[in-house]
Every structure is written in structure tokens, then in C-alpha cells.
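Step one of this worksheet: look at the structure below.
Side chains included, hydrogens not; waters and symmetry mates left out as well; all remaining heavy atoms used. Here the structure is a predicted model, which is why all the values come from computation and not from measurement. One is the number of the first residue; the rest follow in order along the sequence.
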Amino acid sequence: MEQLAKALGARIRTQRKTRRISQDALALICNIDRSYMGRIERGEVSITVEKLYRIASSLDCDPALLLPRLADCNPAADKPGQK
């Protein structure tokens, strides 16, 4: 699950930078503490679906755009016979 949080955080950061929004501004718009937003982007915490939708809405994108591919979260998933 740690890989999932890191991959999700990286996608949120990429989308935020694409939109040219500062981390502080995004946190304010989402009503999420600034330091917590940093932890989300670094993949240090797992977020709820509600927070995912709140962040996606603030970034004006579909939540699915922020979700990482399975292979990004579990490199062993690409290899047959491994879990």
C-alpha cells in the first residue's frame, strides 16, 4: 500500500504543477492542512475517497486521472507467478 500512496501523491503533485497551483493554495482550496497536503504528495499517508474527490475537483480533473496504474503501485504485478 505504501507504493500506492507514493504513486497517487506523485500524480497529484504532477497535476497540481500542470495547473500552476502552489501546494499551499491547493491545500487552502481543498480545506486540507498545508502540512498534510505535503504528506499526501510525498505518499506518507493514505487518503479517503472523499479527499481524492475534493482534490480532483480543486484541480478541475476527473479523480480517475489521479489514480495510478496498477503496475505503478505493485511492480511485481507485471511478472507472472509473483504476488
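- Chaining together hydrophobic side chains whose heavy atoms lie under 4.5 Å apart places Leu26 alongside Leu8, Ile12, Ile21, Ile32, Tyr36, Met37, Ile40, Val45, Ile47, Leu52, Ile55, Leu59, Leu66, Leu67.
- Expressed to the nearest 0.5 Å, how far CZ of Arg42 lies from NZ of Lys6 amounts to 10.0 Å.
- Of the possible polar contacts, one joining the Arg11 side chain to the Leu65 backbone as a donor-acceptor pair under 3.5 Å is found.
- Within the structure, the side-chain hydrogen bond (donor to acceptor under 3.5 Å, both in side chains) test picks out the following pairs touching residues 23-35 (sequence neighbours left out): Gln23-Glu41, Asp33-Ser35.
- Residue pairs that meet the side-chain hydrogen bond (donor to acceptor under 3.5 Å, both in side chains) test with at least one member in residues 49-64, sequence neighbours left out, are Glu50-Arg54.
- Scanning for side chain to side chain contact (heavy atoms under 4.5 Å, CB included) contacts around Leu28 gives an empty result, with sequence neighbours left out.
- Taking all atoms of both residues into account, the shortest heavy-atom contact from Arg19 to Cys61 is NH2-CB, 4.3 Å.
- Taking CZ from Arg39 and OG from Ser46, the interatomic distance works out to 10.5 Å, rounded to the nearest 0.5 Å.
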